[in-house]
Each structure stands twice: as C-alpha cells, then as structure tokens.
*Asks:* 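Handing you this structure, nothing more for now.
When reading the values below, keep in mind they use all heavy atoms of this one structure, side chains included, and skip hydrogens, waters and symmetry mates. As the structure lists them, so they are numbered: ligands from 1, and atoms in each ligand from 1.
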Amino acid sequence: MPSMMKDSFGRKVTGLRIALTPRCNLNCIYCHHEGEANPRGEISDEMVVSVARAAAHLGVRSLKFTGGEPLLRPGLAKLISRMPQELDLSLTTNGIFLAKLAEPLAQAGLDRVNVSLDSLRPEIYREITGCWEGDMEKVLAGIDAAQAAGLEPIKLNVVVLKENEAEIGNLIDFSRDRGLILQLIQLMDLHRSGISGDIDAIERDLASRADRVRTREMHRRKKYFLDGAEVEVVRPMDNTEFCANCTRLRVTSDGKIKPCLLRSDNLVEIGTCDCEKIIELLQEANSRREPYFGKERLPALRSAMMADCPRH
Ligand code: SAM
C-alpha cells in the first residue's frame, strides 16, 4: 500500500493536476493560465507517465489533466491509455473539440470531464471567451457526446462574473435538466479587473433554497442540493478553510511541480523521466507546500475543525 504524503501542516496530497499544454483555442477574459508564467516547451508523454506513476506510488488517487486546452494535445487518448489503472482520471476542457474526442478518450480510460461553459447566451459566451461563431453549439454537442460515452459525472464549470451572474438561475436549470453538476467558481481576479460577479449573494440564495447541504473534504467546498440540482461552490480567494483543506499538487505544462496555483517561487523542476527520482521530487515539492491564505491561522482553525468533527 503506498504511503500517502502529508505536508508539515498535516495536509494530505490525494490529487494531481497536470497541464498538458499552455496552448488554448480560446482567450477567456479572466484566465489565470493555471498560474503559469512564460512556460517554455511542453512536458513530454514519457514525463507525464512517470509523474503519474510516481504520484500513484505516493498515494495520489486522482489525476486531472488541464491546460491551456488539454484536447489540443496530440495523441491524448494514447497518453491516457498509459496512465496507472488505480487513478481516477479526469480532465477539464472548454469542450469545443469534445464531440469527436469523448468516445476515444473514454475508451482509453478517461473517467470523467469538467466542461467550462460560462454562459448559455452565445453573444455573452463570445464576449467572455473570444470564441468563433458557432463554438458554443460545439460545446453543447461535446457535453452530449461525453454523456453518451459515459464520462460522468460531468461538471459544468462556471466562473462567476458580472457578465453571467444574471444567468445563474438558467445555468442551474440547464444543469439539472442535463444531469450535470454545476460548479460555480469564484473569480481569482489576479489582475484586479473588477469583473467578478457577486458570489456571496449567489451563495446566500443557494443556502436559503437548498433542500440539503454537504461539505466536501477537498477545500471544504459546499454542495447545495435544490429541486434536483446539484451546485458546488468553489471559493479559493482569501479563504483559510480552502487552503487548509487543499489536497493538491500541480505540474506545469513545461514540467515543473507547482505546490500552489498562486505561487511561482517554490517550483520543483522535474527534468527526468526516472520514476524513483520523480518520487523524491514530489516529496520535495510536498515539503514546500504551505497554505497561501491563513498560514498563521491554521493551527487554531484545525483544532476548531476537530472539535466540530471528531472523526477528523
Ligand atoms: N481550457 C480548459 C478549460 O477551459 O477547462 C482547462 C484550463 S482552464 C485554466 C481550467 C479551469 O480554470 C476552467 O474551468 C476555468 O474556468 C478556470 N479558471 C481560469 N481562470 C480562472 C480564474 N481567474 N478564476 C477562477 N477560475 C478560473
């Protein structure tokens, strides 16, 4: 049985997020580019496979591919077919190329997908993503194809913006009707653009209407169940609880282990496909993990959480 890594704040690492390319076919107005600044080159298939094996050895259970746009990566199905069987494999995509790829990716061993779709109104979707006319229909066809291929549960990722906050009700209905989990994501407004929607008001409304609320272990994310819909709220900003319950490591598209989305001063260069060596590098990156928000408040928060929830 692999030994699970924990950092010096007692936080486990159970998930790994690998950016397969910095390239993207969209140009979303808010994109944080997974916290990558000037990536050089693209991580090789060999390195991705070795990192996945090393991570699985260290007790990582889920692996998510991201980008850029991961569906732009040539040979993606083949790469997925080489991943360790024990990992839960998912990817996050803008969905534009999903209609064609869903079935081969599922055949290769992909378990599920997150599809980013910030608006159901074509003109707003274009404004946010800079896409071409007709691309939104391709995303909808991609969701259908992912469902047909069994890539479920499908999460619909929506970053809450001024542009789409009036549409949240429609997005909830759409997700419920299509059997999707809606994931409302707080904007990480790294460039202080001021385009963030009012996620506090949205969450208050969800809380007042929910039949049931569940708190997930990862990031202590809240899930609201209402009228058959399932809505998860992701609030990374200024959120001590989010950081205290972060269970992730990341790998950048140019092959560096990244302990935190919001930092670039503590990366670990991989530079090898030797699995044994990568195990050590993952351990090194784990030793560099620390909560971005509320590091100093963490011990108090942890004892409060333990009092709240004795099984932790
Ligand atoms: N192209 C893929 C996609 O669209 O899902 C993968 C890359 S994208 C960076 C991954 C996720 O990060 C998307 O769901 C996107 O909405 C989210 N994201 C990007 N920039 C963000 C920001 N500034 N704040 C919050 N979420 C963001």
*Asks:* Could you pull out, from Pro236, Gly95, Ser116, Ser196, the option with a heavy atom nearest to atom 13 (C) of ligand 1?
*Replies:* Ser116

*Asks:* Taking both backbone and side-chain atoms of Tyr30, is any N or O found less than 3.5 Å from an N or O belonging to ligand 1?
*Replies:* yes

*Asks:* When you compare the side chain of Leu267 with that of Arg288, does any pair of heavy atoms fall below 4.5 Å?
*Replies:*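 The answer is no; the side chains never approach within 4.5 Å.
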
*Asks:* Tell me which protein heavy atom sits closest to atom 24 (N) of ligand 1, plus the residue, atom name and distance to 0.1 Å.
*Replies:* Met188 N, 2.9 Å

*Asks:* For ligand 1, which is the ligand I care about here, please tell me if Glu34 has any N or O atom under 3.5 Å from one of the ligand's N or O atoms.
*Replies:*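 The answer is no, given that Glu34 and ligand 1 share no N or O pair closer than 3.5 Å.
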
*Asks:* Determine whether more than 12 heavy atoms belonging to other residues, nucleotides or ligands lie under 6.0 Å from atom CG of Asp177.
*Replies:*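 More than 12 within 6.0 Å, yes.
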
*Asks:* Are more than 12 heavy atoms, taken from residues, nucleotides or ligands other than Glu123, located less than 6.0 Å from that residue's CD atom?
*Replies:* yes

*Asks:* Is Asn157 touching ligand 1 with its side chain, its backbone, both, or neither, if touching means heavy atoms under 4.0 Å apart?
*Replies:* side chain

*Asks:* If you define the side chain from C-beta out and look only at heavy atoms, does anything of Arg82 sit under 4.5 Å from Val48?
*Replies:* no

*Asks:* Residue-level breakdown please: for Asn94 versus ligand 1, do any non-hydrogen atoms fall below 4.0 Å on the side chain, on the backbone, on both, or on neither?
*Replies:*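 The answer is both, backbone and side chain.
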
*Asks:* Residue-level breakdown please: for Met237 versus ligand 1, do any non-hydrogen atoms fall below 4.0 Å on the side chain, on the backbone, on both, or on neither?
*Replies:* neither

*Asks:* Any side-chain donor paired with an acceptor under 3.5 Å for Thr21 and Glu69?
*Replies:* no

*Asks:* Surrounding CG of Asp227 (heavy atoms of other residues, nucleotides or ligands, distance under 6.0 Å), is the total greater than 12?
*Replies:*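 Counting neighbours around CG of Asp227, more than 12 heavy atoms of other residues, nucleotides or ligands fall under 6.0 Å, so yes.
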
*Asks:* Under 3.5 Å between some N or O of ligand 1 and some N or O of Thr92?
*Replies:* yes

*Asks:* So is Gln183 in contact with ligand 1, going by heavy-atom distances below 4.0 Å?
*Replies:*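 False for this residue.
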
*Asks:* Show the atoms of ligand 1 that are less than 4.0 angstrom away from any heavy atom in Val159.
*Replies:*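 Selected atoms, number and element: 16 (O), 26 (N), 27 (C).
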
*Asks:* Please identify which atoms of ligand 1 are closer than 4.0 Å to at least one heavy atom of Glu69.
*Replies:*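 Selected atoms, number and element: 1 (N), 2 (C).
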
*Asks:* Of the choices His32, Lys64, His33, which has the non-hydrogen atom that lies closest to atom 21 (C) of ligand 1?
*Replies:*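 Among His32, Lys64, His33, the closest heavy atom to atom 21 (C) of ligand 1 comes from His32.
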
*Asks:* Would you mind listing which atoms of ligand 1 come within a distance below 4.0 Å of any non-hydrogen atom of Cys31?
*Replies:* 9 (C), 20 (N)

*Asks:* With backbone taken as N, CA, C and O and side chain as the heavy atoms from C-beta onward, which portion of Thr93 lies under 4.0 Å from ligand 1: side chain, backbone, both, or neither?
*Replies:*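 Backbone only.
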
*Asks:* Heavy-atom count around Lys223 NZ within 6.0 Å, excluding the residue itself: above 12?
*Replies:*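 Enclosed: over 12 neighbouring heavy atoms sit under 6.0 Å from NZ of Lys223.
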
*Asks:* Taking N or O atoms only and a 3.5 Å limit, does Ile185 qualify as a polar contact for ligand 1?
*Replies:*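 N/O-N/O distance under 3.5 Å: no.
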
*Asks:* Counting only heavy atoms not in Glu276, do more than 12 sit closer than 6.0 Å to its CD atom?
*Replies:*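 12 or below, so no.
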
*Asks:* Just jot down the ligand 1 atoms closer than 4.0 angstrom to any heavy atom of Arg17, in number order.
*Replies:*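 That gives atoms 10 (C) of ligand 1.
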
*Asks:* With respect to Cys24, determine whether any N or O atom, backbone or side chain, lies less than 3.5 Å from an N or O atom of ligand 1.
*Replies:* no

*Asks:* To the nearest 0.1 Å, how far is atom 6 (C) of ligand 1 from its closest protein heavy atom, and which atom is that?
*Replies:* Gly68 O, 3.2 Å

*Asks:* Do Gln183 and Arg221 get their side chains close enough for a donor-acceptor pair, meaning under 3.5 Å?
*Replies:*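 A pair is found: one side chain offers a donor N or O, the other an acceptor, under 3.5 Å apart.
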
*Asks:* Contact between Asn94 and Val139 at the side-chain level, heavy atoms closer than 4.5 Å - yes or no?
*Replies:* no

*Asks:* Looking only at the side chains, is there a donor atom on one of Glu167 and Ser119 sitting less than 3.5 Å from an acceptor on the other?
*Replies:*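 A pair is found: one side chain offers a donor N or O, the other an acceptor, under 3.5 Å apart.
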
